[in-house]
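A short worksheet on the structure shown next.
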Amino acid sequence: MMQKLFVLALLLGQVYISTTEKVGICKPAPAFGPCVITCGADEDCDGIHKCCSNGCGAWCSEPTCPLKQTKVDCPASLCNYVGCPGKPQESVQCSVDFCNQCIVSFRNVTTGDPVDCGPVETLCPRMLSSTNQHLLGQYRPKCDKYGAFEKIQCHEGYCFCVDTRSGVPDMSTSVRGTPKCPEKTLCQKQVDEAMKLPPIGRFVPQCKSDGSFQEKRYHLSTGQCWCVDSYGREWFGTRSHSPTLDCTASVCPSGVTQLKCDPVLCHTAKCPGYEKASCRVNPCGQCKPEFLDQYNRQIKYATTCTTDERREEVDTSCWTLIRITEDLYRLATKKVMT
């Protein structure tokens, strides 16, 4: 009897949705459609796809966002790089929130209730909880009690200094033993270098009391000001002669919406051919990794890739790869060893 009722509900276009419902909403179903049933709940569908009515049956479809919300193109591989600190991996389900943002969220696999895994800025414990401690050779970062990366990290017999916020390693410090890490912040070091230049026309960065960069830079000689990221790199499109430029409210050009983006996005991307490239997530109108060279100039795309099988033109020299976080460390340490 229950089976008949279930089939009848499907024929009427009513699809059963489990409590672990994925992000987004189904597109409006047509008045009539094929009576084909390929799913019974969102969890039956791969990636971000949801189990949606097709007018008679149900199948997996790409969802959309509610009215007045923008769908952001987020890589589905984001969930490969993060876990939920303090929660067993089998007890939570990861999904990518792509409506007006690009961040990961977790739900209880049994009840479907949202699970609080801490702020997205606590990248170290999120990366640590996604690794397998029994897998030989896998890089496992060390975190302090506040969720930041410890200044010194070790892997495969070598230790090196890292940025405590992003975990990005400085492989020039890699040694067998304890490396000597710089005591001054990047902003403070740039100030020291700027003060060695002639006073006329020089630019001296402005640092906060904790040594981090001020959000807004002002060049006295040119009268220009602009917004910078936490590493002092310019947010392109923000240069202005207006002293009222507010970089704490938004780092995007006028008229462009600033989205909420997960910092782990940079760990899903790589820039072949640019050994000294640095990555950051551009939140202006989209959540997309962008790459800068050693002079903080944006790396322009379009290059040619050659494989053994075919020669292929691709639209970017910086593309997404799967599971490269630990490979970056392994490759970097290998270069130092050789």
Side-chain angles (χ1 to χ4, degrees), residues 1-84 87 89-117 120 130 257 259-262 264-265 268-269 283 285-289 312 314-316 319-323:
M1 180 65 180
M2 290 298 294
Q3 291 179 339
K4 291 181 179 180
L5 289 174
F6 179 66
V7 172
L8 179 60
L10 286 173
L11 292 175
L12 292 174
Q14 299 174 353
V15 181
Y16 169 75
I17 301 296
S18 75
T19 53
T20 53
E21 186 174 352
K22 292 183 180 178
V23 177
I25 59 175
C26 291
K27 298 176 182 178
F32 302 97
C35 295
V36 176
I37 303 172
T38 62
C39 61
D42 284 358
E43 57 200 29
D44 297 331
C45 302
D46 295 333
I48 65 171
H49 289 74
K50 292 173 63 71
C51 189
C52 301
S53 169
N54 60 20
C56 178
W59 54 28
C60 295
S61 301
E62 186 172 328
T64 186
C65 293
L67 194 64
K68 295 184 179 180
Q69 290 191 19
T70 302
K71 183 178 179 182
V72 182
D73 185 17
C74 303
S77 61
L78 266 181
C79 283
N80 294 336
Y81 299 91
V82 291
C84 190
K87 304 290 182 181
Q89 292 189 32
E90 62 274 9
S91 69
V92 292
Q93 182 180 34
C94 176
S95 62
V96 180
D97 294 347
F98 50 80
C99 293
N100 274 359
Q101 58 188 357
C102 190
I103 60 174
V104 295
S105 62
F106 290 86
R107 291 181 178 272
N108 185 293
V109 295
T110 303
T111 65
D113 296 330
V115 176
D116 183 8
C117 296
V120 296
S130 69
T257 302
L259 304 176
K260 185 177 181 181
C261 306
D262 199 314
V264 80
L265 277 163
T268 70
Q286 57 185 343
C287 289
K288 188 176 182 179
E312 180 181 10
V314 294
D315 63 351
T316 175
W319 61 81
T320 300
L321 298 177
I322 298 177
R323 296 189 180 279

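Annotation for Gly55 and Ala29: closest pair N-CB, 3.9 Å, computed over non-hydrogen atoms. In terms of heavy-atom proximity, Lys87 sits nearest to Val92 at CB-CG1, 4.1 Å.
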Worked check of disulfide bond (SG atoms under 2.5 Å apart) between Cys94 and Cys84: CA-CA 9 Å; Cys94 176; Cys84 190; over 6 Å; no

Walk me through it: do Cys60 and Cys51 pass the test disulfide bond (SG atoms under 2.5 Å apart)? CA-CA 5 Å; Cys60 295; Cys51 189; 5.7 Å; no

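Pro34 meets the side chain to side chain contact (heavy atoms under 4.5 Å, CB included) test with Val36, Asn54, Trp59; sequence neighbours excluded. Shown here are the side chain to side chain contact (heavy atoms under 4.5 Å, CB included) partners of Lys27, two or more places apart in sequence or in another chain: Thr64. Taking the side-chain hydrogen bond (donor to acceptor under 3.5 Å, both in side chains) definition, one finds that Lys71 meets it with Glu62, sequence neighbours left out. Applying the side chain to side chain contact (heavy atoms under 4.5 Å, CB included) criterion to Thr257, with sequence neighbours excluded, gives Leu259.
Cys287 has its SG atom at least 2.5 Å from the SG atom of Cys74.
With Asp42 as reference, Lys50 is the one residue of His49, Gln93, Lys50 to meet the side-chain hydrogen bond (donor to acceptor under 3.5 Å, both in side chains) rule.
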Side-chain polar contacts of residues 98-106 - donor-acceptor pairs under 3.5 angstrom, sequence neighbours left out - could you list them?
unit_1	atom_1	unit_2	atom_2	d
Asn100	OD1	Thr70	N	2.8
Ser105	OG	Ser95	OG	3.2
Ser105	OG	Asp97	OD1	3.1
Ser105	OG	Asp97	OD2	3.3

